[in-house]
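Below is one structure, written out as structure tokens; the observations come after it.
Each chain gets a letter, A, B and so on, in the order its sequence line appears, and its residues count up from 1. Just so it is clear, the model here is predicted, and its values are computed rather than measured.
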Amino acid sequence: MLNKNEFALNLLEWYHNNKRDLPWRRTNDPYKIWLSEVMLQQTQVQTVIPYYNKFTTKYPTLDDLANAEEQDILKDWEGLGYYNRIRNLHLAVKEVQSSYDSIVPNEPEPFLALKGVGPYIGGAVQSIAFNHRIAAVDGNVLRVMARLNVDDRDISKQSTVRSVKLFVETIIPLESGDFNQALMELGATVCTPRIPKCVTCPVQSHCESFKSNSVLLYPKSTKSKKKTELYFNVFLILNNKDEIYMFKNDKNLLKGMYKFPKYDIDTSIDTIEEALNLKLSQLKEPIAEEKHVFTHQVWYMNVYLLYTNSESQHFVKISEVNEYPISVAMQKVFKHLH
DNA sequence: AATACGTGGAT
DNA sequence: TATCCAAGTAT
């Protein structure tokens, strides 16, 4: 059974002595803490840092972000992935602006009701910014707690995450924000997935899996499923005015990001001409092939270059393409025009 | 409950 | 190269 008081003391002492100087640890602004937590979802610290600095410079207050155009903030988010995160945060700060006088709610219930705020963000922001004693259970915390308690439950199940959250809330001390961050920091730097540094672990004496030499057996998790492989033709369509056909994606995947016409490989050129209302040049060999891997899909793309004399509102100056938010997959395609 | 949702780092 | 997985949320 975990000695809760001693565990918390050991962990917090280690955290304070080894605290990394991360940009979002220099602020008490709930908006900036919230922004950092949204960016950090499923994203490594080193990836987030430049984006966090860009956003806090360009949108230093909640109102700045709320008043921005969605396309502009998507452009600034470009390359960070999971684009619904910033679209939801935009909706959420607009809600805070209109309903809460631009003040981030300092109570869990209204905060958790905002778009994109789930159990993790709710606990992280309410504990770090407002010192509420709510757990923030991420992948790090799940791994640390599974090893501490030789917990055989599957951490990929929501029921396990809910249960771990309740458990952490039975051991969380008054310094709840620091405690939550310390638990995550321990998982990120010491209690790592493959080669945990148990020798230097500040809570080694509390760890049941260390005692039984079974650290690497935890956490238990069902293995990821196979990705769907998809084959597309993507068309770079140029007119005689140095413009290219490009439009905003309204599907769920990469919603709001701009794309070039992309069709299953068996789609006929006639169908495409009809869909785009363009008369296209003869289809030749692809100028390139690209592969792009998502969490759940792999795209194999043939890149074609086509010309047209037709008019359309979807043409954009080639020199201005980079002003639009474009996914990495489509950037891989576009680079072959140069 | 199970799956969709991006991208890049590490091994 | 293949695989895991990283401060998760919405549906």
Side-chain angles (χ1 to χ4, degrees), chain A residues 15 20 22-25 33-52 74 77-89 91-92 111-129 134-144 154-162 164-165 168 177-189 191-195 216 219 221-230 249 251-257 259 291-299 325-332:
Chain A
Y15 179 64
R20 284 188 289 175
L22 303 177
W24 43 91
R25 290 186 179 155
I33 293 167
W34 181 10
L35 172 66
S36 74
E37 295 297 346
V38 173
M39 289 182 162
L40 284 162
Q41 285 176 54
Q42 304 287 281
T43 310
Q44 296 183 346
V45 165
Q46 67 184 76
T47 304
V48 166
I49 289 174
Y51 285 90
Y52 176 84
L74 267 177
W77 199 269
E78 182 185 90
L80 197 53
Y82 283 152
Y83 298 97
N84 276 337
R85 287 184 293 177
I86 188 58
R87 300 191 327 111
N88 284 337
L89 179 61
L91 292 173
F111 186 66
L112 280 161
L114 297 166
K115 278 283 186 192
V117 178
Y120 169 77
I121 299 255
V125 173
Q126 292 297 314
S127 67
I128 297 168
I134 303 174
V137 177
D138 72 337
N140 290 309
V141 176
L142 288 169
R143 182 172 58 255
V144 170
D154 181 347
I155 62 161
S156 68
K157 291 194 178 301
Q158 291 176 1
S159 56
T160 305
V161 180
R162 281 195 298 270
V164 170
K165 181 172 188 286
V168 173
D178 280 352
F179 182 79
N180 282 331
Q181 293 185 83
L183 221 37
M184 293 188 274
E185 187 89 347
L186 185 76
T189 63
C191 195
T192 51
R194 291 160 199 259
I195 311 175
L216 291 180
S221 178
T222 52
K223 52 176 174 283
S224 58
K225 46 176 281 191
K226 190 164 164 48
K227 300 177 195 301
T228 307
E229 297 190 313
L230 299 168
N249 178 37
K251 294 191 169 64
N252 286 330
L253 181 57
L254 303 172
K255 190 169 189 174
M257 306 299 280
K259 63 187 287 192
K291 175 186 179 183
H292 188 73
V293 180
F294 295 91
T295 306
H296 57 305
Q297 294 178 2
V298 183
W299 287 3
I326 299 173
S327 68
V328 171
M330 284 297 155
Q331 287 174 7
K332 288 179 179 175

Listed nucleotide nearest any side-chain atom of [X], set [options]:
X	options	answer
L254(A)	dT9(C), dT7(B), dG8(B)	dT7(B)
P193(A)	dG9(B), dC5(C), dG8(C)	dC5(C)
S159(A)	dA1(B), dG8(C), dT11(C)	dA1(B)
A188(A)	dT3(B), dA7(C), dT7(B)	dA7(C)

What is the separation between atom [atom1] on [X] and atom [atom2] on [N], rounded to the nearest whole Å?
X	N	atom1	atom2	result
R162(A)	dG8(C)	CZ	P	17 Å
R194(A)	dT11(B)	CZ	P	8 Å
Y52(A)	dA6(C)	OH	C1'	19 Å
Y51(A)	dG8(B)	OH	P	7 Å
M257(A)	dT7(B)	CE	C1'	11 Å
Y83(A)	dG8(C)	OH	P	18 Å
Q42(A)	dG9(B)	CD	P	16 Å
F294(A)	dG6(B)	CZ	C1'	7 Å

Which whole number of Å gives the distance between the [atom1] atom of [N] and that of [M]?
N	M	atom1	value
dT9(C)	dG8(B)	P	22 Å
dT11(C)	dA1(B)	C1'	11 Å
dG6(B)	dA6(C)	C1'	12 Å

Could you tell me whether the side chain of [X] and the main chain of [Y] form a donor-acceptor pair under 3.5 Å?
X	Y	answer
K227(A)	T295(A)	yes
N84(A)	N88(A)	no
Q331(A)	I326(A)	yes
N249(A)	L254(A)	yes

Determine: side-chain N/O of [X] to OP1/OP2 of [N], distance under 4.0 Å, yes or no.
X	N	value
N140(A)	dA7(C)	yes
H292(A)	dG6(B)	no
R143(A)	dA6(C)	yes
H296(A)	dA4(B)	no
K255(A)	dA4(B)	no

When you match L40(A) and K291(A) each to their closest nucleotide on DNA chain C, which lands nearer the 5' end?
K291(A)

Need one value for [X]: base, sugar-phosphate or nothing, where a base atom within 4.0 Å counts as base even if backbone is also close, heavy atoms only.
X	result
S327(A)	sugar-phosphate
G79(A)	sugar-phosphate
N180(A)	nothing
I128(A)	nothing
Q158(A)	base
W24(A)	base
V293(A)	base
L80(A)	base

Should the side chain of T43(A) and the base of dG8(B) be counted as holding a donor-acceptor pair, with the cut-off at 3.5 Å?
no

Using the salt bridge (charged side-chain N to carboxylate O under 4.0 Å, His left out) rule, collect all pairs that involve residues 77-86 of chain A, keeping only residues at least two apart or in two chains.
K75(A)-E78(A)

Residue closer to the 5' end of DNA chain B, S156(A) versus Q46(A) (nearest nucleotide):
S156(A)

Both I195(A) and I326(A) contact DNA chain B. Taking the nearest nucleotide for each, which residue is further toward the 5' end?
I326(A)

Side chain to side chain contact (heavy atoms under 4.5 Å, CB included) with L142(A): which residues, sequence neighbours excluded?
V137(A), I155(A), V161(A), V164(A)

Steps toward side-chain contact (heavy atoms from CB on, under 4.5 Å) verdict (V141(A), M184(A))
CA-CA 6 Å; V141(A) 176; M184(A) 293 188 274; 3.8 Å; yes

Y82(A)-dG6(B) aromatic stacking (under 5.5 Å, under 30°)
yes

